[in-house]
Amino acid sequence: NTLDKLYGGQSQITYGIGGTNLIHKVGEPIGAVYDYEFAGIWHLEEATQAAAFGQRPGQVKVTDVNGDGKITADDRKVIGQVTPKWTGGITNTLNYKNFDFSFFVNISQGNIFKSNFHGWSWSDTPTRTFNGFKADYWTPERQSDGWHQPGNGGTYANAEYYKDVSFVKVGYITLGYKLPTGILDKLKISGLRLYATVQNPFVFTKYDGWDPENAGRDQFGAAFMSRTFMTGLNLSF
């Protein structure tokens with residue numbers, strides 16, 4: 001989707017949802033993410049350059065979009081969209097003799113979100129009570145662009161938390177078996193099917209939080225899906 005025009009001839013309107021900075025901008029999709037672009041971590045050999053931006057090694061580096069040698073609100077840009085570029089699904093049921101096998105696959109691709117999981121797990125706020133997540137942190141001995149130095153994220157640490165939340169999820173898999181007619185006649189019933197189902201067995205994604213589909217939600221019990229195993233029977237007389 002593309003936004004063609006805004007009320008009153010405006011060119012853009014900025015707003016936010018769940019900590020994610022968004023923009024309505026002519027020519028961009030609805031739900032375009034408008035923020036600073038993560039450009040790595042300042043390294044020791046870049047100390048002088050970092051200081052010119054009011055930063056220091058170990059902190060998050062963002063892109064100086066207009067090239068004026070400083071980071072201001074004008075350096076924000078469209079870095080992605082919260083709505084998927086495309087979605088899809090596959091559902092199928094296969095039968096072989098007395099067996100049946102069914103599954104559902106859900107696909108969402110091409111969107112990003114500001115991950116609450118990462119925002120809480122890597123927070124530099126000392127009052128936070130969550131344990132830190134194992135990550136490729138920047139240290140003076142092993143300079144990395146993976147994550148900023150603990151306790152030294154800098155002004156633009158939030159730029160790190162925008163994550164690709166594309167995924168392929170297997171929603172469920174079910175295997176069933178119908179008893180043969182001869183056994184049904186002996187039991188004096190017309191039908192008996194036994195089945196086993198697992199819901200949410202697999203998720204394929206680059207997102208390393210709990211659930212890419214709920215990346216923007218908080219961590220208090222609502223940010224991840226559950227995997228459920230069920231067995232049952234369908235009986236008819």
Side-chain angles (χ1 to χ4, degrees), residues 14-23 31-82 111-167 203 205-224:
T14 57
Y15 63 107
I17 296 177
T20 297
N21 296 318
L22 304 174
I23 189 170
V33 179
Y34 184 68
D35 214 329
Y36 298 104
E37 180 182 50
F38 177 70
I41 308 297
W42 289 109
H43 297 318
L44 292 175
E45 61 271 20
E46 300 173 303
T48 302
Q49 184 183 357
F53 286 94
Q55 303 283 269
R56 61 178 185 268
Q59 295 183 342
V60 171
K61 180 196 306 183
V62 295
T63 302
D64 179 13
V65 173
N66 57 19
D68 62 357
K70 55 186 177 180
I71 302 298
T72 66
D74 294 334
D75 290 306
R76 294 177 298 171
K77 58 181 289 189
V78 174
I79 58 175
Q81 61 189 70
V82 295
N111 56 325
I112 68 173
F113 218 94
K114 194 172 185 178
S115 172
N116 235 321
F117 172 85
H118 294 86
W120 281 85
S121 299
W122 277 277
S123 174
D124 291 327
T125 304
T127 56
R128 298 284 171 88
T129 56
F130 292 98
N131 287 338
F133 196 79
K134 184 177 180 180
D136 186 17
Y137 292 108
W138 186 98
T139 67
E141 296 76 26
R142 194 188 71 234
Q143 299 183 70
S144 163
D145 283 316
W147 284 96
H148 66 261
Q149 184 181 28
N152 187 32
T155 306
Y156 307 104
N158 283 343
E160 258 182 325
Y161 304 148
Y162 286 102
K163 295 295 180 181
D164 183 347
V165 292
S166 302
F167 65 83
V203 181
T205 180
K206 294 180 180 178
Y207 178 70
D208 56 356
W210 283 331
D211 183 4
E213 205 166 7
N214 292 299
R217 299 178 71 176
D218 63 41
Q219 315 302 14
F220 304 106
F224 53 91

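Along the sequence shown, residues are numbered consecutively beginning with 1.
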If you define the side chain from C-beta out and look only at heavy atoms, does anything of L44 sit under 4.5 Å from Q143?
yes

Between CD on residue E141 and OG1 on residue T139, distance to nearest 0.5 Å
5.0 Å

Minimum side-chain heavy-atom gap W42-Q49 below 4.5 Å:
yes

Within the side chain of E160, is there an N or O that forms a donor-acceptor pair under 3.5 Å with the backbone of V60?
no

Report the C-alpha distance between T155 and F53 in whole Å, list the side-chain angles of each, state the deciding distance to 0.1 Å, and finish with yes or no for side-chain contact (heavy atoms from CB on, under 4.5 Å).
CA-CA 10 Å; T155 306; F53 286 94; over 6 Å; no

In Å and rounded to the nearest 0.5 Å, what is the CG to OH distance from N21 to Y36?
9.0 Å

Drop me the distance from D211's CG to T205's OG1, to the nearest 0.5 angstrom.
9.0 Å

For a 4.5 angstrom cut-off between non-hydrogen side-chain atoms, does D35 reach Y161?
no

I need the minimum non-hydrogen distance between P57 and N152, along with the two atoms involved.
O-ND2, 3.0 Å

Quick check: H118 with F113 (ring centres under 6.0 Å apart)?
no

If we ignore hydrogens and angles and just use 3.5 Å, is the side chain of N111 paired with the main-chain N or O of Q81 as donor and acceptor?
no

So, do D145 and H43 sit near enough that their side-chain heavy atoms are less than 4.5 Å apart?
yes

Determine, step by step, whether T63 and D75 satisfy the side-chain contact (heavy atoms from CB on, under 4.5 Å) criterion, reporting the C-alpha distance in whole Å, the side-chain angles of both residues, the deciding distance to 0.1 Å, and the verdict.
CA-CA 7 Å; T63 302; D75 290 306; over 6 Å; no

Which heavy atom of E37 sits nearest a heavy atom of I79, and at what distance?
CB-CG2, 4.0 Å

Charged N to carboxylate O below 4.0 Å: is that the case for R142 and D136?
yes

A side-chain contact here means heavy atoms from C-beta on lying under 4.5 Å apart; do Q55 and K61 qualify?
no

Among L22, V165, N158, which one satisfies side chain to side chain contact (heavy atoms under 4.5 Å, CB included) with K114?
N158

Are D74 and V65 side-chain neighbours, meaning at least one heavy-atom pair lies under 4.5 Å?
no

Heavy-atom closest contact (D164 atom, Y207 atom, distance)
O-CB, 3.7 Å

Looking only at non-hydrogen atoms, find the nearest pair between A159 and F38 and report the distance.
O-CB, 3.5 Å

Output yes when a side-chain donor or acceptor of S144 lies under 3.5 Å from a complementary backbone atom of Y137, and no otherwise.
no

Is there side-chain contact between W138 and Q149, with at least one heavy-atom pair below 4.5 Å?
yes

